[in-house]
Amino acid sequence: METLEQTLARAAVAAPGAQLSVVKNDSPCAQHSLLVDVEHAYAVAKFLRDDPQLRLDYCSNVTGVDFLDAELSEKVKVKKVVDGVEKEVEEVKKTKRAGYLEAVYHLYSMALKHGPVILRQRTPGRADPVKVTSLTPLWRSCEFQEREVFDLYGVLFDGHPDLRRILMWDGFKDYPMRKDYAEPDDYEYEPTPHDEVLEKAKAHLPKAEVKA
Amino acid sequence: MDGTQFMTFHDLAYDAGKTDFQRKAEVIGVGREGELLEVAMGPQHPSTHGVFRMDVVLDGETVVKLKPVFGYLHRNHEKIAENTSYLGSMPYTDRLDYFCSLTNNWAYALAVEKLAGLQVPERAEYIRLITAELTRVLNHTCLAGFLLQDMGALGTPLMYAFREREKILDLFESLTGARMMCNYMRFGGCRCDLPAGWLAEARKVVAEYPKFLDEFDALLSGNEILMARTQGVGKLSAELAINAGITGPMLRASGVDYDLRKVDNYGIYSRYPFRVPLGDHGDVYDRYMIRMLEMRESLKILEPALKDIPEGPVVDPKAKLRGFRPKPGEAYGRIETPKGELGFYLISDGSPNPYRYRVRPPSLINLTILEDMCLGQTVADAVITLGSVDIVLGEVDR
Amino acid sequence: MPPDKHPYLFLLVFFVMALGFAVGPLLLAMLWAKMFSPAKPGEMKNATYECGLESKGDAWVAFKSEYYLYGILFLIFDVETIFLLPFCVAFTGLSVGAVLAMLVFVLLLVEGLAWAWVKGVLTWK
Amino acid sequence: MAELFAKLDQFPVTLKAWLMNLLQGFLPEWTLPLVSAAISITPILAVFPLMFALTTVIERKGLGRIQNRIGPNRVGIPLTNIRLFGFGQFIADGIKSLIKEDVVPRAADKVVHFLAPIALLIPVLLTYSVLPFGKNMVPLDLPQTGLLFFFAVGASTELSVFMAGWSSRNKYSLLGAMRAVAQMVSYEIPLILSSLTVVMITGTLSLTAIVESQATVHFGFLHNWHLFTPWGLVGFFLFLTAAAAEANRTPFDLPEAESEIIAGYFTEYSGFKFAIFFLAEYLGLFAMCGLGITLFLGGWLPPVNIAPFTWIPSWCWFLGKLSALIVLFIWLRGTLPRLRTDQLMGFAWKFLLPMTLINLVVAALWHLLANNIPLVARWPLGFAMLAVPYWLLGRSFEAKFTKREYRFAN
Amino acid sequence: MDDGLRNELSKQGVVVVKLEELYNWGRKNSVWPLSFGLACCAIEMMAASMARYDLARFGAEVFRPSPRQADLMIVAGTVTKKMAPQVVRLYNQMPEPKYVIAMGACAISGGPFKQGYNVLKGIDRYIPVDVHIPGCPPRPEALIHAFMTLQRKIDAQKLTGPDRARHLNADLPSEFPVPLFGEHDLVPSKNPNVWRPAVVVR
Amino acid sequence: MLGTGILKGMVETAKNFAGSYHDPERLTTVEYPEQRIASKENARQFPFLVHDTEDPMQGLRCVACQICEKECPPQCIYIVKSKDKRADYKGQMQLYPVTFDIDLSVCMSCQICVEVCPFEAIKMDTEFELSNTDRFGGLLVNKHQLAKSNEHYRKIHPTEAAVSDDALAIEVAKAKAKAKADVEAKAKAAADAKAKAEAAAAAAPVGVAATAPVPKPSAPAAAPAAAPAA
């Protein structure tokens, strides 16, 4: 199987205008992934599916990921003139990163038995509208999984035939898998409270009887 | 394979705003509103295998529309896992597909091992293979029992299946301490070594298992009612199966040769020659028979594996139990569980808890085309089609 | 037990006793409920059961036309079996000619069945 | 010796005569037929419901044994620790059903909902009035119409089942009712046609006469049961199949198919009404079996006309055969999966009906050729005439399914 | 009060006691469960009715799919918030006398999943539970043990008098309000008339 | 021919029916309250606390380190540490749990508390007959209910207990050896000092007996009594 960089190059030809980049993965398994912009996701995915060398006919897994607004600190080597001498100095460079939601697709080929090629789509931010392109028309297997991502993360999938809540009930308002989700407080009876979640239970303890 | 089939689906979805099954439903049900019966099957229904619900529209007995409804067992496994340590999620994986806790364990352990780059000692690989194949046999046995139960055989096949299940559960219990929720595998190996005499017992169970399979075959596989009920019912084409991400015996019943034990070569499967049975019709009977045949193949793996198992440690001494913090990164690990491809997608940010923990549930995705398989068939067919998909709600809803 | 002289009287007595047999326990159950175990009807308890959900839509829908087809088929065959009855009773005393005549009748019956078969009426949809 | 056994055999008859004699003294003349009828009916109302009660336990225990377990064995004599192998189970179940709250859905048609179980039980019980339970033991001998009466009354159970399903206004009940009507209507015809063969040979509709016609003896010892003829053998199995469908027994238990439509037409019934459905269903099965015994298995006759067999009272023979058939049905229930609606209907119309018609013809030929062809030749001939269509019709069914070969990828 | 009346009363008393015993005997020996499984525990519940453990010995293998014919609801498994209204409705639709066994940690308290946003922290928040079985999942024997505990409980119930069983008292409800699906949680999140948790002092 | 498959099936069920009367393979029922399936050696149900002495509270091995509380996935353990310390089986001064509650209605029997416990203090019991009509009173168990003796542990998990005892014995032996070494070192130091003193005394013959007090080794607690000789 070709490298991800080669795939990227060919995909860029097949889907002109697509903004593609490779997201590196530092873990030992080195499953790097292909980041694609929302507008061209469909075209790129179609290329990945139909290209005779790749034939990624099987979309195994669709994952939603939530990244909060974060402050990234990076050690950068900067050349600086210190005391009149140019030196390489390590500096901690802090960048603010806006939070975003991500949809990750793990693609495999059943015909050629290779994979995975990992495709990512990112929303610009975490507030509305958080839209990405649905790949359900290409792979039926995305149907329920994209619904699930919509249900739990609130990511809207453009072009999904039946985008409804799947796991939670219809009147539910929150997106519970988001990192900033606050769950309903019903810890009235917790005889073994100790971590920060269960500490909530203490709020329900009879006030007069709480011992210091 | 060309893309035409999917383009039609795509076109329908985009251009007419309708899926082809919706269109099909309308053609059947047009102008007959007074005769159509809307029935909710589930969440409490004897043959939805748990708290699953099918909203069915019936024309007489014929299904003209079927909408699966999920979430009645959504236990927030992923959210809980993101708030607990890597080790802490291991017992929760038992409760995903509660028939196959050991394969769930393995899939999760495999994903974490990929993420952290851990090695598994030889003996542990053997134990994993043995327990996984026993799990497969167990699951398929129970599935056959449940399928027949759905078909109306009053408990007998299920009782026989559970009789055999107890034998395997005895093995699991004496190895792991629990009947169902084994919580046995650890990152870089297994929790404990085999107890004394376990291998002999396992060999005995494996040696006697074909007897049960023969009995089951005699009882049912040639039964005219079973064949009449299942053949040509719930058909699934290979193209649709691949596109809909169907995995496991259901995919192979449609004739697609895709078994992760062969494709990914994880564990030590490559050391054992076993065959992958394939169906040609993709109907309920094929799915049933593929499972019956897979059990026999599993026994073929088990027999030599129980002989070959080497001595040695069962866990990587470098693996840490507490304070396990993989480096930032991500990994997707998958194995062939009895139900299909079970994958775990983990993103680590270097903290003791996974940043993102995602389960790729085979049961849920195998349900994607439930409506396509059931349309135009009777309620009774819908019930056994669902039964042949082999779902476990703990995994579907997580 | 000699056959009773009044068959219908017998049936009447049987009917009354069977009615008593069916209603008796029901009355007993009602009596029990009245004395000890009060009935507790409720909004939900007396709602239609549907797998734990609220029942939507009416259950009284029109039957599929196939049911009526079978009904008609049944009627035809049932009437014909009624015709067969006296024939059968008298069969042992009949001449070959009469038997042949009846055979023609049975053949007509069979033909009807064959026609329905070929027409696909007997294939339940 | 033989006289003693004969007395034992006729014990119920003499008991009744004795009772009638006793009562004749001080009861007004006009009540005597009523009393006589009541005395004949009481044993029916006592024996068969009790048999039902025992059957529920035996069925549960038998299914248990088939399924490698013990089945009910702890509930015995009430309020004691005597377990009685679990045969007190039905008492507990009965008490439980009596004290259970009766729930009637708000949406239901309450009158019909109440009437349905009663309307089911009464005709089922009435069918017993024409069954000969033993020598001289038929509650009501209708010489002209016995069999017809059985079918006429028995057929009204279909209506009751439909009443139950429709009045509940529950979707599953309705589905169950639809299935029940379609099924019972379809199997009514094979049922009647398969029993008509016997009528044809015996030339009577009186069930007593039918039994007596089987009392003739072959080879000096073998009773001439209709089962021992090719048309009788086939007819009996056709009859049993149709009877199983009429009584909603596995593999034809579609109207109450648990795995598909919850509890079918009695989904909305609770308490004792539900128990009545159960009772009526089993009593219906017993009546069907009883009819089958009368028609094909020589009724209360022993199989052979040899001393130890003839000593056993006739009613014991009847009950014994009945039990054997019940065991067969329990066995079937423990083994088979259920058919689908279309297959069920197809089976009735495309297999049973042609077979019964052919059987009718074979029976006619059997009778007509009786003087021309010896028994030794008639038997294989008749059997062949039935086996060939069986094979052909069976093949047309089997064409739809086959045992398959599977390929393997390595 | 003269002796005759007292005698009469005591006689009646004897009769009432006997009736009560018979009533309780009948009820406890014919407990038909609702065939209703939620999650993992349901498998062990089935296993309990299968060959090795054979709940049938107690006459309790008649799993009725319709609540109208069931006496016992075995809440076997996790009750999610999405499922809770259905469970309560099913319970409501069962005719009296009815019993509830909460099988397994999840049914009692939410168990391992109680920190989940969609998991109900115990079915006893909405309906009264007769017997609790801890375990995850409890062994089939544990279910049989719970079944015997339930039988003992039934046996001790009074037919008349102020302390008679709940279902015999016309003033006590037989059905309980079904919670509604709210925007963030079930509304209400518990039924205070049913659920009176112990006071925890920490 | 139609019906052969059905007949085969019926033969199979008949075999099972008949077999249930003579073949234990075909009658697998174990009549639970009277008969019991032998407990597997590894079987686990709920945790208990191991104690070594007659008085359960004194001999609890638990030192209230709270690792199990932290690692417990469903968080069903609640521990309050003591303010004071007491000697553990090795003779080291340790904290002990003032409160040790386990909510059995939450516990998922995963055994992680046992695995992470560095003190062999919490183990899995095999008791499962815990069904209770009282949820709030019956299923929250405290340390008094949890404490079970090491003998009990040895009875239910003999192999595991032996390993655990060995580990403890090694620990104790190490502690002893260390204590002994300490004592010897001290004695040696004392001897050295004495020798020096003597030398000094010899140097300066003043009749002063410099008797350095020999420190008594702190006696190990009663715990090792339970540990067999490895």
Side-chain angles (χ1 to χ4, degrees), chain C residues 11 13-75 78 121-125, chain E residues 12 15-16 19-20 22-24 26-27 34-38 64-71 73 75 79-80 82-98 123 126-127 157-161 164-181:
Chain C
L11 287 178
V13 173
F14 202 166
F15 183 84
V16 171
M17 286 181 78
L19 189 71
F21 188 76
V23 176
L26 288 180
L27 287 177
L28 199 68
M30 270 181 215
L31 190 74
W32 176 272
K34 207 169 165 77
M35 279 180 63
F36 295 107
S37 174
K40 296 179 182 178
E43 187 66 19
M44 228 161 296
K45 186 183 271 181
N46 293 63
T48 307
Y49 161 78
E50 194 173 332
C51 288
L53 294 164
E54 274 179 82
S55 190
K56 272 186 285 176
D58 199 348
W60 286 354
V61 297
F63 270 38
K64 236 179 129 178
S65 48
E66 275 83 1
Y67 287 98
Y68 299 105
L69 259 175
Y70 275 92
I72 292 165
L73 265 176
F74 166 71
L75 269 184
D78 217 24
V121 177
L122 299 184
T123 309
W124 182 269
K125 273 165 274 179
Chain E
Q12 285 201 343
V15 168
V16 169
L19 204 59
E20 178 182 288
L22 194 67
Y23 173 67
N24 286 343
R27 279 195 301 152
L34 180 67
S35 68
F36 170 55
L38 287 163
R64 294 303 309 169
S66 165
R68 308 292 191 195
Q69 295 134 23
D71 310 294
M73 183 170 187
V75 185
V79 186
T80 60
K82 193 170 176 177
M83 190 62 199
Q86 276 70 252
V87 178
V88 179
R89 190 172 288 112
L90 282 169
Y91 175 78
N92 288 345
Q93 291 187 341
M94 280 162 64
E96 294 284 4
K98 51 189 172 185
I123 189 60
Y126 293 113
I127 56 177
Q157 282 178 338
K158 295 270 176 293
L159 182 58
T160 49
R164 61 192 187 273
R166 182 183 53 75
H167 66 273
L168 299 172
N169 192 338
D171 303 331
L172 295 177
S174 159
E175 60 171 47
F176 297 93
V178 168
L180 302 172
F181 290 126

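Chain letters run A, B, ... following the sequence lines, proteins first, then strands; residues in each count from 1. In this text, all values refer to a predicted model and were calculated from it rather than measured experimentally.
Looking at Y23(E), the atoms closer than 4.5 Å to chain C (heavy atoms on both sides) all sit in the side chain, from C-beta outward. For chain C, the nearby parts of E96(E) are the backbone and the side chain; heavy atoms of each come within less than 4.5 Å. Contacts of A39(C) with chain E are absent, with no heavy-atom separation under 4.5 Å from either backbone or side chain. If you measure heavy-atom distances from M94(E) to chain C, the contacts under 4.5 Å come from the backbone alone. Proximity to chain C is limited to the backbone of P173(E), based on heavy atoms less than 4.5 angstrom apart. Neither the backbone nor the side chain of R164(E) comes within less than 4.5 Å of any heavy atom in chain C.
Interatomic distance, M73(E) CE to I127(E) CD1, rounded to the nearest 0.5 Å: 5.0 Å. If you take CZ on R27(E) and CG on D71(E), they are separated by 9.5 Å, rounding to the nearest 0.5 Å.
Side-chain atoms of H167(E) and K98(E), non-hydrogen and from C-beta on, never get closer than 4.5 Å to each other. Within the 4.5 Å cutoff, no side-chain heavy atoms of V178(E) are placed close to those of Y126(E).
The closest donor-acceptor contact from the side chain of Q69(E) to the backbone of R64(E) lies at 3.5 Å or more, if one exists at all.
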